[in-house]
4 protein chains.
Amino acid sequence: MNARPTCGKDTPRAEVQRERILCAAQKCFIEHGFHAASMANIAETAQMSQGLLYRYFESKSAIVLAIVERQLQEGRAHVAELHSSADLAASILDTYTKWQARDPSVFSAALLLEMSAEATRDPQIAAALSSSDRRIFADVQSWMVRGQDDGGLGLPPDVAARRVLLLEAFVHGLAVIAARQPDRDPAPLREIIDTFVSRLLAP
Amino acid sequence: MNARPTCGKDTPRAEVQRERILCAAQKCFIEHGFHAASMANIAETAQMSQGLLYRYFESKSAIVLAIVERQLQEGRAHVAELHSSADLAASILDTYTKWQARDPSVFSAALLLEMSAEATRDPQIAAALSSSDRRIFADVQSWMVRGQDDGGLGLPPDVAARRVLLLEAFVHGLAVIAARQPDRDPAPLREIIDTFVSRLLAP
Amino acid sequence: MNARPTCGKDTPRAEVQRERILCAAQKCFIEHGFHAASMANIAETAQMSQGLLYRYFESKSAIVLAIVERQLQEGRAHVAELHSSADLAASILDTYTKWQARDPSVFSAALLLEMSAEATRDPQIAAALSSSDRRIFADVQSWMVRGQDDGGLGLPPDVAARRVLLLEAFVHGLAVIAARQPDRDPAPLREIIDTFVSRLLAP
Amino acid sequence: MNARPTCGKDTPRAEVQRERILCAAQKCFIEHGFHAASMANIAETAQMSQGLLYRYFESKSAIVLAIVERQLQEGRAHVAELHSSADLAASILDTYTKWQARDPSVFSAALLLEMSAEATRDPQIAAALSSSDRRIFADVQSWMVRGQDDGGLGLPPDVAARRVLLLEAFVHGLAVIAARQPDRDPAPLREIIDTFVSRLLAP
DNA sequence: CATGAATGAGACTTCATTCAT
DNA sequence: CATGAATGAAGTCTCATTCAT
């Protein structure tokens, strides 16, 4: 019954292998999408046999979920930087630029969108996204509420809540634009980001 | 409730069949995603044999492409209504509400996102989206440029361009939010849409 | 979701195909056992593609179950002949002889044993066997209870019940012997069957 | 409850390991069947690595064969007790009761049946069963032939041979009944065993 | 025009077995 | 002696596509 009786340990080896698999999987998922990417694909990219994948992950959907959570973590990290940043606009622009460049190393607009679409159908993914979104929301809101001498914006909670939502929509919208318009001139983007941010932060 | 709400057009026989297939396909794609939906699925939903699908479409990906173009058309129709609307905010809210409700009749946030992600990988889809986006962009921009006595905003072209982009990002971002947060209270959304629109249209 | 939307019909064609598959499956199961026989095996024996098997049976275990029920039916038919037979002993000997000869056409001692063992683990098979056994038990018992002028034995029900059980054990035991001792001289078998039957039918 | 009830023999190291493996294998085979039980399963149950299994057994089928021989030995031991027993009927009833209870400690009706079915296909198993059966046959026969003052039955060899066969069929038949009818009331069994034995031993 | 039976490739997954450590 | 990571073949099942009817 139990496929991995003595393996689940957090031995460094196992962790390295999981990383290798997740790296490969991320690459494949970005390149082909969650469904079109095959385990054969992932195994080849990770330079291991297909069978070995199953020593470290119970199923393909477990890998998908791990990648989803990984992306969410990276997203949260970005956001953390973001609101600690002196220059919110620069940070958003940086994110957008990476999305548009399709740098497969870390972050991916396509994955963000596919994850979001998949959340519509897969309850596990929906739960992961929901939990992550709530955490990010709270983080950003608390930043906006914090006093200005603490690096915050000093907004009342209800106002902050609305602005977080506004920001969330805008940033996610940039992901859609990055995916759909890889050749777009980034200059106007810089401008609208600046506009948006300055108006967002205005009282 | 009715499976084919927009299908009853008075078209020659072949066109009717294509419509039936596309309606079925749309339903299936929304429900399962482009890859997870099968031809068997579509045929069953369209109440016809699988073989017949191939008389009207060369392959599954041809159906996908047709659906993509269909969605884009519907999107353009929405946008046309939208900027002719006296109340832009109400129109956006209406769209968002349908997205969140997952009304399978016409429009789908999940499909919008999956299409956008897929554009990253499939050149045909990318081309379709790009062409459609450009057309929408031009439409909306020309509306903004048009004089206020013509129902426009009377903005200079370069300013209009930036605002279109801003609007595009915002609306697409709402699709992401609708997909990821099906249980979210829509009240704050109404507020931020109002805020956004009023500031957007402001000079 | 539904793999065979318009197929389950009892068209003659479908019935023929199901028969072909079951014939092939029976042969394979007898030859290799339920688990060791593969779908590839069955498909090849039935001279069709593996995929086609799934148009007529939902899964391998559905085929196994169908074969189990088929064997049980054949068993019941044998039993029906058996107790209508003027010569019970000859009928049992005939069954034993077929078992020992491993005639793969209809009946199989190996399958009977494997089924019985599998009933220990698979609830569906257990249910099928249990239901069939009960029916056979009742049939034979009612024969024994029936008056002698009706071709029965005229036994009281409780006595009949014990004799049916005794007979059941003996016949199943012959299946084990047939499986384990393919080269055994059948002569002593004839004798013990005669002995057993004559003592069984004695008052 | 204890996983290795009969394992604690005082043997050199290697023998102890083999025993551990065989005990684990027996448990797994009873629980899942010969084919469905995996080496991973056995290793886990034996609390050792999979690799180690191969130090003591050449292959899975070697383990299967060893288990078969083990069961046969236990069977012979039972039979030895049996015919030395003052009360044959009680001994058979005891065996049947254990079979029906599916006491995993030593003996298993399911394994007996699966072994017998497998003998139909695997020559090695067939040979093992055949040899064991012959030995048991001779044992029991010689007991029946022995004089009554020696604890035997004092039967002539040819009569004895037929009675052994009869007994063999009956006892194996009980195994089938035990496997197929786990919920059967054991009372009638006691009665038919008594009947059978008393008539068997009668001259 | 329409059907749906049929195919073959390929998907995910399991497993007996080997081997470096 | 012992481990458990690794492999590759094989298993079950799905699916886009074709074709005789």
Side-chain angles (χ1 to χ4, degrees), chain A residues 1 3-9 11 13-14 16-17 35-43 47-63, chain B residues 13-14 17 35-44 47-64, chain C residues 1 3-9 11 13-14 16-17 35-43 47-63, chain D residues 13-14 17 35-44 47-64:
Chain A
M1 290 287 135
R4 277 169 275 109
T6 55
C7 292
K9 296 178 191 169
T11 130
R13 170 86 185 184
V16 167
Q17 292 285 64
H35 286 91
S38 70
M39 292 299 269
N41 235 308
I42 295 171
Q47 285 176 293
M48 58 177 69
S49 69
Q50 291 186 49
L52 195 51
L53 297 178
Y54 289 86
R55 177 174 290 280
Y56 299 102
F57 292 92
E58 208 162 299
S59 63
K60 181 182 177 182
S61 71
I63 297 183
Chain B
R13 169 62 175 265
Q17 292 283 57
H35 286 91
S38 68
M39 293 297 270
N41 239 305
I42 296 172
E44 190 186 9
Q47 287 175 292
M48 60 176 65
S49 69
Q50 289 187 50
L52 198 49
L53 296 179
Y54 286 85
R55 189 167 293 281
Y56 297 103
F57 291 93
E58 202 165 326
S59 64
K60 184 183 175 183
S61 69
I63 297 182
V64 169
Chain C
M1 291 286 134
R4 278 170 274 109
T6 54
C7 293
K9 294 179 192 169
T11 133
R13 169 90 187 178
V16 167
Q17 292 286 62
H35 285 91
S38 71
M39 292 300 269
N41 235 307
I42 295 172
Q47 286 177 293
M48 59 177 67
S49 69
Q50 291 186 48
L52 195 50
L53 297 177
Y54 289 86
R55 179 174 287 280
Y56 299 103
F57 291 93
E58 208 162 299
S59 64
K60 181 183 176 182
S61 72
I63 297 183
Chain D
R13 170 60 174 266
Q17 292 283 57
H35 286 91
S38 69
M39 294 296 270
N41 239 304
I42 296 171
E44 189 185 8
Q47 288 176 290
M48 60 176 66
S49 70
Q50 290 188 48
L52 197 48
L53 297 180
Y54 286 85
R55 188 167 292 282
Y56 296 102
F57 292 92
E58 203 165 325
S59 65
K60 184 184 176 183
S61 68
I63 297 183
V64 169

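Reminder, nothing fancy here: chain letters follow the sequence lines and each chain counts from 1. For the numbers below, each heavy atom of this structure counts, side chains included, while hydrogens, waters and symmetry mates do not.
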Student: Checking all strands, does B:Ala62 fall into the base, sugar-phosphate, or nothing category for heavy-atom contacts under 4.0 angstrom?
Tutor: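 Counting heavy atoms under 4.0 Å across all strands, no contact is made by B:Ala62.
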Student: Hey, does B:Gln17 reach any base, or is it just sugar-phosphate, or nothing, if we go heavy atoms under 4.0 Å?
Tutor: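 Sugar-phosphate: the residue B:Gln17, judged by heavy atoms under 4.0 Å, touches backbone atoms but no base.
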Student: Can you measure A:Arg13 atom CZ to E:dA20 atom P for me and round it to whole angstrom units?
Tutor: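 In whole Å, E:dA20 P lies 13 Å from A:Arg13 CZ.
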Student: Nearest 0.5 Å please: distance from the CD atom of D:Gln50 over to the OG atom of D:Ser38.
Tutor: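 These two atoms lie 7.0 Å from each other.
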Student: I need the CD-C1' distance between D:Glu58 and E:dA16, as an integer number of Å.
Tutor: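 About 13 Å, once rounded to whole Å.
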Student: Base, sugar-phosphate, or nothing for A:Ser49, non-hydrogen atoms under 4.0 angstrom?
Tutor: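 Base, at least one base atom sits under 4.0 Å.
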Student: Partner lookup for E:dT21, please. Criteria are Watson-Crick or G-U wobble with both distances under 3.5 angstrom; report none if nothing qualifies.
Tutor: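 Pairing partner: F:dA2.
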Student: Rounded to the Å, how far apart are A:Leu53 CG and E:dC12 P?
Tutor: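 Spelled out: CG on A:Leu53 to P on E:dC12 is 10 Å.
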Student: Looking at the side chain of C:Tyr54, which of E:dT7, F:dT14, E:dA6 is the nearest nucleotide?
Tutor: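 When the side chain of C:Tyr54 is considered, F:dT14 is the closest of E:dT7, F:dT14, E:dA6.
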Student: Of all the nucleotides listed (F:dG4, E:dA16, F:dA16), which has the minimum atom distance to the side chain of A:Arg55?
Tutor: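 That would be F:dG4.
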Student: Quick one: do D:Gln17 and D:Arg55 satisfy side-chain contact (heavy atoms from CB on, under 4.5 Å)? Show the steps, please.
Tutor: CA-CA 10 Å; D:Gln17 292 283 57; D:Arg55 188 167 292 282; over 6 Å; no
Student: Separation of A:Ile42 atom CD1 from E:dA11 atom P, in whole Å?
Tutor: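 One finds 11 Å between P of E:dA11 and CD1 of A:Ile42, rounded.
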Student: Once you round it to whole Å, what is the distance between P of F:dT14 and NE2 of B:His35?
Tutor: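 Distance, rounded to whole Å: 19 Å.
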Student: For D:Ser38 and for D:Leu52, locate the closest nucleotide of DNA chain E by heavy-atom distance; then report the residue assigned to the nucleotide nearer the 5' terminus.
Tutor: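 Nearest nucleotide further toward 5': that of D:Ser38.
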Student: Within the structure shown, what part of the strands sits under 4.0 Å from D:Tyr56 by heavy-atom distance: base, sugar-phosphate, or nothing?
Tutor: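 Sugar-phosphate, no base atom in range.
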Student: Considering every strand and a 4.0 Å limit on heavy-atom distances, what is the contact class for B:Ala37: base, sugar-phosphate, or nothing?
Tutor: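 Sugar-phosphate: the residue B:Ala37, judged by heavy atoms under 4.0 Å, touches backbone atoms but no base.
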Student: For C:Lys60 versus C:His35, what's the shortest heavy-atom pair and its separation?
Tutor: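 Nearest pair, atom of C:Lys60 first, then C:His35: NZ-O, 3.4 Å.
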Student: Separation of D:Gln47 atom CD from F:dT3 atom C1', in whole Å?
Tutor: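 Atom-to-atom, D:Gln47 to F:dT3, this comes out as 15 Å.
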Student: NZ of C:Lys60 versus P of E:dC12: gap in Å, rounded?
Tutor: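 It is 22 Å, rounded to the nearest whole Å.
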Student: When you match A:Gln50 and C:Met39 each to their closest nucleotide on DNA chain F, which lands nearer the 5' end?
Tutor: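 Checking each residue's closest nucleotide, the 5'-ward one belongs to A:Gln50.
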Student: Over all heavy atoms of both residues, which pair between A:Met39 and A:Ile63 is shortest? Give the atoms and the distance, please.
Tutor: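 Closest heavy-atom pair between A:Met39 and A:Ile63: CE-CD1, 3.9 Å.
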Student: Quick one: does D:Ser61's side chain have a donor or acceptor within less than 3.5 Å of a partner on D:Val64's backbone?
Tutor: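 A pair under 3.5 Å: no.
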Student: Mapping A:Ala36 and C:Met48 to their closest nucleotides on DNA chain E, which lands nearer the 5' end?
Tutor: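 Its nearest nucleotide lies further toward 5', so the answer is C:Met48.
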